[in-house]
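In listed order, ligands and their atoms are each counted from 1. Note that the structure is predicted; figures quoted are calculated from it, not measured. These numbers come from the heavy atoms of this one structure, side chains and all, not from hydrogens, waters or symmetry mates.
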Amino acid sequence: MRTKPEMMSQLRPAFSELNLSEGFEFDTEIVTNEIKEDCKPLLLSNDQLTTIMKDLNEAINNGLGKRTNPSSIVKCYITYVQDLPNGSERGKFLALDLGGTNFRVLLIELGENNYFHMDSEIFKVPEAIQIGKGTELFDHIAKCLAEFVKKHKVDNSKALPLGFTFSFPLRQVGLTKGYLNSWTKGFNCSGVVNEDVVRLLKEAIKRRKGLNLQVTAVLNDATGTLMSCAYKTIYSKNCFVGLIVGTGCNACYVEKVENSELFDGDKSKPHVIINTEWGAFGDDGKLDSIRTQYDREIDEVSLNPGCQRFEKMTGGMYMGEIVRLIIVDLARQNKLFEGRISEQMKTRGAFGTSFISDIESDKANYRETLKVLNEMGISDPSLVDCANVRYICECVSRRSAHLVSAGLAVLLNKMNEKSVTIGVDGSVYRFHPYFHKLMVEKTKQLTNPDINFDMMLSEDGSGRGAALVAAVAVRDESPKINGHSAV
Ligand code: BGC
């Protein structure tokens, strides 16, 4: 007979004494009932998800409508990207990718027969710069760019086209003009909100001197991901959604021009990519019924209280912190670690989202869980503690995957295409062991049954995508090769 969880907690067997078999599978039976009870609000039923879908659908429609957009929470920014790559793109392109603690510069070459070559370099964006002056941020970008150009001996004699992936809510008014609506994630630089970030970039490039570049596109990482996936699925031509579940969370999709009432671009083309910025969903209270005390706490102490509530329940910048807050709360109530909490565990941000992936990747004997807990200063957790911690992680990651699935189902139902490939990127999707599976399962349940979809890891979406948007823009400036657009 299985030992009762409560008893096991009292016995606190040392790990060396445990004789668990290899091929371990997580068994929720030893998770204590009170932990299960406390985690219940994190488990969303299909009824709850359906209500969320209805509200999100309405919010997206409001974002698309001319009259409703100004007060809409989900902004549905027009990207001015109307053509997907069709394989005829050629040449060398530079790409900049800014969206998190790392900034990347890429040099991409596209050639015949889908030839693709990429050199890239990662640069840190120190925290002081992330929350400092805007001009310093753009000077930092220009400095990294200059270093890259020098190191990689980029031919500077003619202006190279450059795609700029700027992964923040950007109200675009053209392919090369976009005003920052608000900072998200860990950024809060002064003097950038309501400014055209392409102008700020160009000015910084000018200040640097000696850089010969032509900014041909500014885009979001979700758009880049869609483009990058579209390049890989050139023959099926059905990549219509780009999704990011990384530090932040966002999605874009291909919408009919006629439905996008604010679109003032080329109306002879039938489609345009819409950057939903669904991370802001719930900022009007629409998620209040499912937000927990931990979500409220995360929000209150964040750089942008009241903003990006959907993102704060789904993105990697927040998931680890949600787990930490739950652990601390439950330990304080003596439900974990016999009430002992380490300093590390009390430290904001100390439990990274990568720990969730580590813990849920555990194959044998809670080895990874133990490692993580040790790293967090908990030296002798019991077997039940480990199971409980893993359960908490599962509930938090499952909730994220299910909320994102609800969002995807809204887009799929809305487009009503019979077959769609969803390009996905972001550290949560990439490194969590079951995120993909959880999303496929739940999206299927929530999507109209006659719609087929695939989810595809869009490798390096934000970087490659920037070069591809730049390449398509340059391609379309020259006489068309095959005479029709690919969307
Ligand atoms: C930003 C989006 C971005 C997403 C993923 C969010 O915080 O608002 O523009 O696509 O993060 O990086």
### Task
For Gly99 and ligand 1, answer yes if some heavy atom of the residue is under 4.0 Å from a ligand atom, otherwise no.
no
### Message
Between ligand 1 and Ser167, can you find any atom pair, the residue atom being a heavy atom, that is separated by under 4.0 Å?
### Response
yes
### Task
Test Ile392 against every option in Val323, Asp38, Ile322 by the side chain to side chain contact (heavy atoms under 4.5 Å, CB included) rule and name the one that passes.
Val323
### Query
Counting both backbone and side chain atoms, is some N or O of Asn275 under 3.5 Å from an N or O of ligand 1?
no
### Message
One pair to check against side chain to side chain donor-acceptor pair (under 3.5 Å): Thr421 and Asp454. What are the steps and the verdict?
### Response
CA-CA 5 Å; Thr421 301; Asp454 260 333; 4.8 Å; no
For [X], counting its heavy atoms only, list the atoms of ligand 1 lying under 4.0 Å from any of them.
X      : answer
Gln308 : 7 (O), 8 (O)
Glu277 : 1 (C), 2 (C), 8 (O), 9 (O)
Asn220 : 2 (C), 3 (C), 9 (O), 10 (O)
Glu311 : 6 (C), 7 (O), 11 (O)
Pro169 : 8 (O), 9 (O)
Asp221 : 3 (C), 5 (C), 10 (O), 12 (O)

### Query
Should the pair Arg309-Asp299 be classified as a salt bridge under the 4.0 Å nitrogen-to-oxygen rule?
yes
### Task
Inspect the contact between Glu203 and Lys206 and indicate whether a charged nitrogen and a carboxylate oxygen are less than 4.0 angstrom apart.
no
### Query
Among all protein non-hydrogen atoms, which one is nearest to atom 4 (C) of ligand 1, and what is the separation to 0.1 Å?
Asn250 CB, 3.7 Å
#### Entry: Heavy-atom side-chain contact between Glu368 and Ile359 under 4.5 Å
no
### Query
Got Ile451 and Asn416 here, is their nearest side-chain heavy-atom distance under 4.5 Å?
yes
#### Entry: Test: Lys286 cationic atom under 6.0 Å from Phe281 six-membered ring centre, within 45° of axis
no
